[in-house]
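Encoded as structure tokens, the structure appears first; notes follow it.
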Amino acid sequence: GEVATMMDVPITKVISVCMSLGIMVTMNQRLDAETLTIVADEFGYEIKFITTDIEEAKEVVADREEDLVFRAPIVTVMGHVDHGKTSLLDYIRKENVIAGESGGITQHIGAYGVTLDNGQKIAFLDTPGHEAFTAMRARGAQVTDIAIIVIAADDDIMPQTKEAINHAQAAGVPIIFAINKVDKPNANPEKIKERLAGMNLLVEDWGGKIQSHDISAKKGTGVKELLEKVLLEAELLDLKANPEKAAVGTVVEAFLDKGRGYISTVLVQGGTLRLGDYVLAGKHHGKIKAMHDERGHNIKEAGPSTPISILGLDGAPTAGDKFSVYADEKEAKQIAAKRTQLMREQSVRTQRHITLAEIGRRIALGQFKELNIILKGDVDGSVEALSDSFSKLSTEEIQINIIHKGVGAITESDVLLASASDAIIIGFNVRPSASARQLADKEEIDIRNYSIIYDAIDDLKDAMEGMLSPEM
Ligand code: GDP
């Protein structure tokens, strides 16, 4: 309706253009940016997008090169269950005591920082696992710079090890392998490296580029060297931030403390956060009344890559929400209100993620270059066969990426990855779990189930040619 008025054309004409694109709309519906562009073009208009989100507009202001300084890497620990993620995080938490500090880290605030002997810092996200990592990404937050993937040397590359690798790769986050439990008599780190090589993941010992280190999270052997490798990787990444501006960053966790009110742990990613700053985080806002670090100390300011728990917001934002600081309380409140409204509207917006039926249209428009697929099947043989066949369907116009494949039911973690990477999920003789189904409905992820290999291949082919008949 609004866009029709702006272009001074009848609403029915706009609706019929949308219908010709295969989109059924009502006059009050919001269109996505891509559809808007095409619709406007039909009537000879060009759309220029400006952001209604003042905060986003603010972030767009690029930092000047001379204001940028090195910032510490932010690390997530992932890996298969029982391979030692928690033990590694615990060991680092306990052992890395800043010179002159009595006692280690006492508070669990969702993230913590450590300082090594040479004064260099690393920030760890204290919720291990790729689910938390990808859930944040699905909300649009990329916080992690480096992923440590823990693999038990007395075990093997397990399904969740593969998942963790795929999730990190889909996010473009470099991996360092921590081959753990080398204190065990039956530990065989070489076998793990060989298995990794078999997956085309060559670690340095094997002539590759991926760093790895043998450790015992229980005894602490090799952990220091592992952290040095993290810093080396960070150096290559050339991580920088401007500490001199109003703070921006991401919420890591938040909860209501009965006595003290809402407590949120945030990770500062740019600028410096100060006591008394007026903060907007997701839909919530407030003036910072107190700030604490992971040692329970009162803190007055926190620079880039510093995790800090803050008191003073009027509610609990969600993990993955961005936060920023406002000079003006009134402005922050206005944006909070506008955001609440936008979120409500977005929940009725059409088509947030790619669907098989949409592919042909998007390819025809020429803006769609890569199709991400997550493939789950009942047996390895069919997963591999499908994965090969799908990859071969890549054309000059469109590249098909199998960002994750595996044996087993479609899980919530698969749906989160699809949401974070805008992928479709294809199941072969497997179905989504009830919770995965629910999440897929909410995130609007297309899940297709097949039991005949050729049907799956034919559907994808048809979809790429825009010939797929809609699923009933
Ligand atoms: P997570 O599920 O990946 O977080 O694994 P945990 O850290 O909970 O470890 C699972 C089990 O392995 C626990 O019983 C740990 O004590 C044990 N474990 C972890 N790291 C080591 C290690 O380096 N050596 C030995 N021997 N046991 C370990």
Side-chain angles (χ1 to χ4, degrees), residues 74-96 104-114 116 122-136 143-144 146-169 171 173 175-196 199 201 203 205 210-230 252-253 265 294 307 319 404 406 408 411-414 416-417:
I74 302 164
V75 176
T76 298
V77 177
M78 312 195 217
H80 195 73
V81 63
D82 280 347
H83 277 198
K85 300 179 290 292
T86 314
S87 304
L88 177 61
L89 280 165
D90 283 350
Y91 181 84
I92 298 169
R93 193 199 332 262
K94 286 200 198 92
E95 291 307 312
N96 270 275
I105 296 160
T106 47
Q107 322 261 320
H108 171 91
I109 64 168
Y112 64 80
V114 296
L116 307 193
I122 303 175
F124 283 91
L125 292 170
D126 207 0
T127 315
H130 56 271
E131 288 87 358
F133 169 80
T134 299
M136 287 249 238
V143 183
T144 304
I146 295 166
I148 293 182
I149 297 188
V150 179
I151 310 174
D154 64 340
D155 199 1
D156 205 335
I157 310 285
M158 297 300 281
Q160 286 169 39
T161 318
K162 283 188 194 158
E163 275 192 25
I165 293 168
N166 291 340
H167 283 231
Q169 285 181 333
V173 170
I175 293 170
I176 299 177
F177 289 110
I179 318 251
N180 190 30
K181 307 198 187 183
V182 293
D183 58 291
K184 284 194 151 184
N186 57 338
N188 187 353
E190 281 314 302
K191 183 188 89 181
I192 302 293
K193 289 172 202 171
E194 189 183 335
R195 289 268 201 280
L196 287 172
M199 295 166 67
L201 295 161
V203 299
D205 295 358
I210 308 173
Q211 301 200 74
S212 88
H213 204 78
D214 297 354
I215 65 161
S216 164
K218 200 171 186 174
K219 299 214 155 103
T221 331
V223 174
K224 190 166 163 258
E225 291 77 10
L226 175 72
L227 299 186
E228 277 161 11
K229 289 187 172 172
V230 168
V252 176
E253 69 174 39
T265 296
E294 63 282 331
H404 176 55
T411 62
E412 278 176 87
S413 146
D414 295 327
L416 282 174
L417 180 60

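Each ligand, and each atom within it, is numbered from 1 in the order the structure gives. All residue numbers in this chain count up from 1 along the given sequence.
Look at H80 and you'll find a heavy atom under 4.0 Å from some atom of ligand 1.
A salt bridge does not link E194 with K191: every distance from a Lys NZ or Arg NE/NH1/NH2 to an Asp or Glu carboxylate oxygen is 4.0 Å or more. Using a cut-off of 4.0 Å between Lys/Arg side-chain N and Asp/Glu carboxylate O, R195 and D155 are scored as not salt-bridged. Under the 4.0 Å criterion applied to side-chain N and carboxylate O atoms, K193 and D205 are assigned as salt-bridge partners.
Listed by number with element, the atoms of ligand 1 under 4.0 Å from a non-hydrogen atom of S87 are 6 (P), 7 (O), 9 (O), 15 (C), 19 (C), 20 (N). Those atoms of ligand 1 that come under 4.0 Å of a heavy atom in K184, given as number and element, are 26 (N).
When non-hydrogen atoms are compared, ligand 1 lies under 4.0 Å from the side chain of D183 (C-beta onward) but not from its backbone.
For atom 14 (O) of ligand 1, the nearest protein heavy atom lies 4.0 Å away or farther. For atom 22 (C) of ligand 1, the protein comes within 4.0 Å by at least one heavy atom.
For the residue pair E253 / T127, no side-chain donor-acceptor distance below 3.5 Å is found, with atom types taken as modelled. When only modelled atom types and interatomic distance are considered, H108 and D126 share a side-chain donor-acceptor pair under 3.5 Å. In the model, D414 has a side-chain atom that pairs as donor or acceptor with a side-chain atom of T411 under 3.5 Å.
What sits closest to atom 27 (N) of ligand 1 on the protein, heavy atoms only, is K218 CD, 3.6 Å. D82 O, 3.5 Å is the protein heavy atom nearest to atom 10 (C) of ligand 1. At the top of the distance list for atom 17 (C) of ligand 1, counting protein heavy atoms only, stands K181 NZ, 4.0 Å. The nearest protein atom to atom 20 (N) of ligand 1, hydrogens excluded, is given as N180 ND2, 3.1 Å; this is a heavy-atom distance. With hydrogens left out, the protein atom closest to atom 4 (O) of ligand 1 is T86 OG1, 2.5 Å, a heavy atom. Nearest protein heavy-atom contact of atom 5 (O) of ligand 1 is G84 N, 3.1 Å.
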Could you walk me through whether L226 and L88 pass the side chain to side chain contact (heavy atoms under 4.5 Å, CB included) test, one step at a time? CA-CA 11 Å; L226 175 72; L88 177 61; 4.1 Å; yes
Side chain to side chain contact (heavy atoms under 4.5 Å, CB included), that's the test. Do H213 and I176 meet it? Break it down for me. CA-CA 8 Å; H213 204 78; I176 299 177; 5.9 Å; no
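In terms of polar-atom proximity, I215 is not counted as a contact of ligand 1, lacking any N or O under 3.5 Å from an N or O of the ligand. By the 3.5 Å distance cut-off applied to N or O atoms, A217 is counted among the residues near ligand 1.
Atom OH in Y91 sits 10.5 Å away from atom NZ in K224 (nearest 0.5 Å).
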